[in-house]
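What follows is one structure encoded as C-alpha cells, with my remarks underneath.
Atoms within each ligand, like the ligands themselves, are counted from 1 in listed order. Side chains included, hydrogens not; waters and symmetry mates left out as well; all remaining heavy atoms used.
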Amino acid sequence: MKLDGKVAVVVGGGRNVGEGISHLFTKEGAKISIFDADEGRASSVTNALKKEGGQAMYTIGDVTKPADVSAMIDATVKAFGHVDILCNCAAISDRQNLFDLADEEWEKVLSVTLSGSYYCLRYAAIQMRKQGTGGAIVNFSSGSAFRGSALRISYDAAKGGIVAMTRSAAVQLTPYNIRVNAIAPGMVGSQVGGMIPPNERQFHNLLGKMTMPSDMAKVVLFLVSDDSGHIIGQTINVDAGGSA
Ligand SMILES: NC(=O)c1ccc[n+]([C@@H]2O[C@H](COP(=O)([O-])OP(=O)(O)OC[C@H]3O[C@@H](n4cnc5c(N)ncnc54)[C@H](O)[C@@H]3O)[C@@H](O)[C@H]2O)c1
C-alpha cells in the first residue's frame, strides 16, 4: 500500500473528485479527514469509507473562514495524530459573462476557489512544518486557467491564481520537504457544483470518454507519493488530451 500510515486531508471530499480521491487513498492505507461545507455529503462519504474498512472522519466548515480551516486541521491532528497530505478540491464556479455577473458573485467565487484553497494550503503547511516530517499538497487548478470562456471569468481568474500560488508555495515549502503541485483537469465526472451529471456532459478529448474521479485519483496518488519526488511546483494537465 502506497499511503500506509499517512493522514490525508481531502477538502471538498463530499463529492466527485474529492470523493474519488478519498476512496483510492483509503485502499492505499491512508486515514482520511474530509472537510466540506455540506454535512450530508461529507457524512455519507465518510460512512462509505468506514464500511470499506478505512479510518475516516469529517469536519464541516467553510474554506473561506480561516478559523474553520484551522479548527479542521486541529481536529484531524487530535483524531489521527498528524497531517501528511492535503488535496485541495473545493471550488465553486460562475456561469455568466462579465456584463451579467454581479460584483458580489465575482468576489464569492474568488473567495471560495482561490482564497479558500490558500487558507487550506497555509494551515496544512503550518501543521506539516511543525511536525518536521514533510508532506505533499495537491491543489486543483483547471484547464479554464489557460483558455478563455464566454460564460465564466471569476472561476478562470481563480484557477489562474492557483497556478501561481502553487509555484510560490513550492518555493516556500520545499525547504521543509513539503512538495506542492497542482492538477488542471479538463472535464471530470460531474460539473463543478454538480448541476450536470457525467453522462450528460459534452466533452472534447482525444480518448473519446469522460475522465472520471477514479481516473483523477490515480494521478493525485502519483503526485502525493514518493514516485513523483522530483515534480515540484508544477500544474499538470489531466484532460485526456483535450488541450492537445
Ligand atoms: N468537475 C470538473 O469537470 C472539473 C474541471 C476542472 C477543474 N475541476 C476542479 O477540480 C476540483 C474538484 O471538482 P469537483 O467537480 O469534484 O467539484 P464539486 O463541485 O463536485 O465538489 C466540490 C465540493 O466542495 C465543497 N465546497 C464547496 N464550497 C465549499 C466551501 N466554501 N467550503 C467547504 N467546502 C466547499 C462542496 O460541498 C463539494 O462537496 C475543483 O477545484 C474544480 O474546480 C473540476
Listed pairs under 3.5 Å, donor-acceptor, residues 176-184 side chains, sequence neighbours left out:
residue	atom	partner	partner atom	Å
Arg179	NH1	Ser228	O	2.7
Arg179	NH1	Ser228	OG	3.1
Arg179	NH1	Ile231	O	3.0
Arg179	NH2	Leu223	O	3.0
Arg179	NH2	Ser225	O	3.0
Arg179	NH2	Ser228	OG	3.0
Asn181	OD1	Gly233	N	3.1
Asn181	OD1	Gln234	N	2.9
Asn181	ND2	Ile231	O	2.7

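Sorted by first then second residue, the side-chain hydrogen bond (donor to acceptor under 3.5 Å, both in side chains) pairs that include residues 43-57, not counting sequence neighbours, are His23-Glu52.
For Asp226, the CG atom counts as loosely surrounded, since its 6.0 Å shell holds 12 or fewer non-hydrogen atoms of other residues, nucleotides or ligands. The 12-atom threshold is exceeded at CZ of Phe203, counting heavy atoms of other residues, nucleotides or ligands nearer than 6.0 Å.
Here the side chain of Arg152 pairs no donor or acceptor atom with the backbone of Gln96 at under 3.5 angstrom.
With sequence neighbours excluded, no residue forms a salt bridge (charged side-chain N to carboxylate O under 4.0 Å, His left out) with Arg15.
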Sub-3.5 Å pairs, protein N or O with ligand 1 N or O:
residue	atom	partner	partner atom	Å
ligand 1	1 (N)	Val188	O	3.0
ligand 1	1 (N)	Ser190	O	2.9
ligand 1	3 (O)	Val188	N	2.9
ligand 1	3 (O)	Val188	O	3.4
ligand 1	3 (O)	Arg201	NH1	2.8
ligand 1	3 (O)	Arg201	NH2	3.4
ligand 1	15 (O)	Asn16	ND2	2.7
ligand 1	16 (O)	Asn16	ND2	3.4
ligand 1	16 (O)	Val17	N	2.9
ligand 1	19 (O)	Gly193	N	2.7
ligand 1	20 (O)	Arg15	NE	2.6
ligand 1	20 (O)	Arg15	NH2	2.7
ligand 1	31 (N)	Asp62	OD1	3.0
ligand 1	32 (N)	Val63	N	3.0
ligand 1	34 (N)	Ala37	N	3.1
ligand 1	37 (O)	Asp36	OD1	2.5
ligand 1	37 (O)	Arg41	NH1	2.8
ligand 1	39 (O)	Asp36	OD1	3.3
ligand 1	39 (O)	Asp36	OD2	2.6
ligand 1	39 (O)	Arg41	NH1	3.4
ligand 1	41 (O)	Cys89	O	3.1
ligand 1	41 (O)	Lys159	NZ	2.8
ligand 1	43 (O)	Tyr155	OH	2.5
ligand 1	43 (O)	Lys159	NZ	2.9

